[in-house]
Engineer: 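Provided herewith is a single structure, encoded as structure tokens, for subsequent inquiry.
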Amino acid sequence: SAALSGPVGASSWRRRLAASHREAEGTNHDAIDGHSLGGYQRDSYALTLERGDASRWSFRASARRGDIRLEHPASSTLDPALYDCGARDPASGLWSYYCGRMPLASRVTISPEVPDSRQRVSQVALHLASPLAPWRLEAEASWYDAHARSERDFDGGRAAIPLGVCRSGLTCGGAAGAARPVERIVGVDVLSETDQRLEQWTEELRLQRDPGSRVRWMLGLAATQVRERNVGAFALGGGVLNAGEQLTAFLPATPLRVGPISQFNRLLVADPSRDRSINSSSSSDRDMLAVFGTWDYAPRDTLSIRAELRVSRERERIANLLAPTAPPIPSQSFDDATPRLSLDWHPDANSNGWLSVARGSRSGGVNALTGLDPDEQGYGPEHNWTWEAGWRQAGATGAEHGLRALQLVAYYVDWRNVQITGFANTPGVNAQILRNARGIIASGLEASIRYAPLRTLELDASASLARPRFRAGSEDLSSRGFCGLTLGNTSSFCTVGLTRNPGSAGPILVPWIDGNRAQRTPEHMLALGLSLTPDYAPLEGRLRLRVDAAWQDDVFDRAVDGARAGERTLLDARIGWTRAPWSIEL
């Protein structure tokens, strides 16, 4: 990395130019060809030009650009023969899901034709401020553009997906349920790609008043325009079939019999390393207008109160570009208000306590996939109320040893109509969508401390305990297959009952997730650190040793709390030598 900053000649203008290149080899290697997996290269550039300061008119313009190249991550599939819970398929005897800590593969191998994923982001921002004491007017405007293309080995490795082959008009047809032999069994390699483009314009205007008394306030107006396009595609080599042949699903119990015609037939391309078969394409336009304000009041020197309010209206228009003849998706409109009230108490310069309550929200939307059932097409907005209390204590100024910092935080979040991700239940749609669950209750504690037993030694530790649990009445319709409800009406680990969703098409059996932990969220995290700065000064420089260890526990893969993974411990150590203006660090 490199940066150049300073005044522009003898003028009052200042500028800063920075550039950086960062790359990592990756977290694993392909077991067959040794290619790196999980590595990346990132190039970034930034330019800032500004004039003025807080006491007069000020102007700042900045531009940033980033280019990222990402290798395929190290990943593997879990053999269905290892599944151990849910329900058994009466024909094959296989279970529908895996419960417990997911095993790590000893060898990882990815299809060699998968290209690297790419990301490109650009941003330009302008800031203008006019201080006219006791008033201050600020204006901000920004433009943001991003393009991300993600490439994945859909089948998880080089083993490929086994499928049967039938001949059109012969073995592909016939009476339903008739036993027809497959021509042969083939292994197909499936690649997937998502292409996302986003452009965003943001304008914001703020008027502040600080008369120097115990009251301050600010009013603001913000407008945002977002244009987004998403394309999903797959690729499967067409060379596995001869003329007049089709792929059929592979049924483990009867592998030599023709199964249902496979949806992979429409994904066949001439060259899977270059060609793609688009299975989803949508565009969305979102416009938002918001009015916001803050009011600060300090009844005494040690106590301050802040009130905040934001009122917004958002409108979203979505188009399904893959099915332009389908009925148009109606525009979605959302009105919202998010207040916040907080109290700060600072009895002295080294202590600070606070209480706050706030409402947060996120608008709903539409799952723009072709062929979705009506009850899976849209999802509603979510919101939460968060209560938080905390205390922060700093050590005595100038002390060579003793307490340096202490912080304690407790919070409680009441989350309603929460949006969760899961697979669609619409037949023939193998994609993830958003839907709503009843809610989540999350309570937690966080604590951190920095302590110096010696002038040259500092220890720090932090810990957090979080208990995010789904509210009573929550259900996860997308996990019916994992629980085994598509095979029967019982499950070895899921709590099952009739749906309590009033918008459901019928009284179907669904997994109840009341009291389950929210997916992908750890309950416990711990971090420890040690810093040593000895008096020994080689070559008149200063030495510093830093060692950090961080740990978190497992997370559940889905809201039904079956398969889990993610427990890890990270260890980092570095030693540095500094002698101004030089520094070396390992």
Engineer: Taking atom CD of Gln407 and atom CG of Asn352, what is their separation to the nearest 0.5 Å?
Structural biologist: 9.0 Å
Engineer: Under the 3.5 angstrom rule, does the side chain of Glu585 hit a backbone N or O of Gly576 as a donor-acceptor pair?
Structural biologist: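 Answer holds: no.
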Engineer: Check for a donor-acceptor pair, side chain of Ser96 on one end and backbone N or O of Ala87 on the other, with a separation under 3.5 Å.
Structural biologist: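 Here the side-chain-to-backbone pair exists.
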Engineer: Is the gap between the ring centers of Tyr98 and Phe482 under 6.0 Å?
Structural biologist: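 Distance test on ring centres: not under 6.0 Å, no.
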Engineer: Go through it in stages, so that I can follow the logic: the residues are Asp553 and Arg568, the test is salt bridge (charged side-chain N to carboxylate O under 4.0 Å, His left out), and I'd like the CA-CA distance, side-chain angles, deciding distance and then a yes or no.
Structural biologist: CA-CA 7 Å; Asp553 60 356; Arg568 62 179 182 267; over 6 Å; no
Engineer: Supply the atom-to-atom distance Glu567 CD to His524 NE2, rounded to the nearest 0.5 angstrom.
Structural biologist: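 Atom-to-atom, Glu567:CD and His524:NE2 are 11.5 Å apart.
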Engineer: Do Asn436 side-chain atoms and Asn417 backbone N/O form a donor-acceptor pair below 3.5 Å?
Structural biologist: yes
Engineer: Can the positive tip of Arg558 be found less than 6.0 Å from the middle of the six-membered ring of Phe556, inside 45° of the ring normal?
Structural biologist: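 No, Arg558 does not sit over the ring of Phe556.
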Engineer: Okay, side chain of Asp153, backbone of Gly157: is any donor-acceptor separation there less than 3.5 Å?
Structural biologist: yes
Engineer: Does Trp95 have more than 12 heavy atoms from other residues, nucleotides or ligands lying within 6.0 Å of its CH2?
Structural biologist: yes
Engineer: When you look at Asp195 and Arg149, which way does the salt bridge (charged side-chain N to carboxylate O under 4.0 Å, His left out) test go after all the steps?
Structural biologist: CA-CA 4 Å; Asp195 191 294; Arg149 178 174 292 174; 2.9 Å; yes
Engineer: Considering non-hydrogen atoms only, spot the tightest contact between Gly364 and Gln419 and give its length.
Structural biologist: CA-NE2, 4.0 Å
Engineer: Return the CG to CG distance between Leu528 and Leu459, rounded to the nearest 0.5 Å.
Structural biologist: 9.5 Å
Engineer: Under 6.0 Å from the CH2 atom of Trp345, do we count more than 12 heavy atoms belonging to anything else shown?
Structural biologist: no
Engineer: Hey, what do you get for CD1 (Ile440) to CZ (Arg517), rounding to the nearest 0.5 Å?
Structural biologist: 12.0 Å
Engineer: May I ask you to check whether Glu314 and Ser363 show a side-chain donor-acceptor distance below 3.5 Å?
Structural biologist: yes
Engineer: Report the C-alpha distance between Glu523 and Arg469 in whole Å, list the side-chain angles of each, state the deciding distance to 0.1 Å, and finish with yes or no for salt bridge (charged side-chain N to carboxylate O under 4.0 Å, His left out).
Structural biologist: CA-CA 11 Å; Glu523 280 196 322; Arg469 295 290 187 269; 2.5 Å; yes
Engineer: With a 4.5 Å cut-off on side-chain heavy atoms, are Arg306 and Asp344 touching?
Structural biologist: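 Asp344 vs Arg306: side chains apart.
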Engineer: Is the number of heavy atoms from other residues, nucleotides or ligands within 6.0 Å of NE2 (His401) greater than 12?
Structural biologist: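 Result for NE2/His401: open.
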Engineer: Which heavy atom of Gly365 sits nearest to which heavy atom of Phe334, and what is that distance?
Structural biologist: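 Looks like N-CZ, 4.0 Å.
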Engineer: Run the side chain to side chain donor-acceptor pair (under 3.5 Å) check on Gln123 and Ser142 step by step: do they pass?
Structural biologist: CA-CA 7 Å; Gln123 183 180 30; Ser142 68; 4.7 Å; no
Engineer: So, taking the atom named OG in Ser531 and the one named CZ in Arg574, what distance separates them when rounded to the nearest 0.5 Å?
Structural biologist: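 The OG atom of Ser531 sits 10.5 Å away from the CZ atom of Arg574.
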Engineer: Decide yes or no for Leu403 and Gln393: does some side-chain heavy atom of the first lie under 4.5 Å from some side-chain heavy atom of the second?
Structural biologist: yes
Engineer: Looking only at side chains, do Ser150 and Glu193 share a donor and an acceptor under 3.5 Å apart?
Structural biologist: no
Engineer: Could you go through the salt bridge (charged side-chain N to carboxylate O under 4.0 Å, His left out) check for Arg564 and Asp557 one step at a time?
Structural biologist: CA-CA 5 Å; Arg564 66 182 193 272; Asp557 185 58; over 6 Å; no
Engineer: List the atom of Cys99, the atom of Asp84, and the distance in Å for their closest heavy-atom pair.
Structural biologist: N-OD1, 2.8 Å
Engineer: Determine, stepwise, if the pair Asp514 / Ser474 fulfils side chain to side chain donor-acceptor pair (under 3.5 Å).
Structural biologist: CA-CA 6 Å; Asp514 310 32; Ser474 298; 5.7 Å; no
Engineer: Look only at the side chain of Asp476 and the backbone of Val560, and say whether a donor-acceptor pair between them is shorter than 3.5 Å.
Structural biologist: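 No; judged by distance alone, with no hydrogens or angles, the pair does not exist.
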Engineer: Taking all heavy atoms of Tyr45 and all of Ala19, pick out the closest pair and write down the distance.
Structural biologist: CD2-CB, 3.9 Å
Engineer: OG1 of Thr456 to CD of Glu458: how many Å apart, nearest 0.5 Å?
Structural biologist: 11.0 Å
Engineer: Among Leu532, Leu457, Thr533, whose side chain to side chain contact (heavy atoms under 4.5 Å, CB included) with Leu545 holds?
Structural biologist: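 Testing each of Leu532, Leu457, Thr533 against Leu545, the sole residue satisfying side chain to side chain contact (heavy atoms under 4.5 Å, CB included) is Leu532.
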Engineer: May I ask you to check if Arg500 and Trp512 form a cation-pi contact, with NZ or CZ under 6.0 angstrom from the six-membered ring centre and within 45° of the axis?
Structural biologist: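 Checked: cation-pi criterion met.
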Engineer: When you look at Asp30 and His72, which way does the side chain to side chain donor-acceptor pair (under 3.5 Å) test go after all the steps?
Structural biologist: CA-CA 10 Å; Asp30 190 284; His72 198 292; over 6 Å; no
Engineer: Is there a donor-acceptor pair under 3.5 Å between the side chain of Ser92 and the backbone N or O of Leu94?
Structural biologist: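 Checking the backbone N and O of Leu94 against the side chain of Ser92, a donor-acceptor pair under 3.5 Å is found.
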Engineer: Walk me through whether Ser356 and Glu388 qualify under side chain to side chain donor-acceptor pair (under 3.5 Å).
Structural biologist: CA-CA 5 Å; Ser356 74; Glu388 182 180 301; 4.8 Å; no
Engineer: Answer yes or no: does atom CZ of Arg542 have more than 12 heavy-atom neighbours from other residues, nucleotides or ligands under 6.0 Å?
Structural biologist: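 No, CZ of Arg542 has 12 or fewer neighbouring heavy atoms, counting only those of other groups under 6.0 Å.
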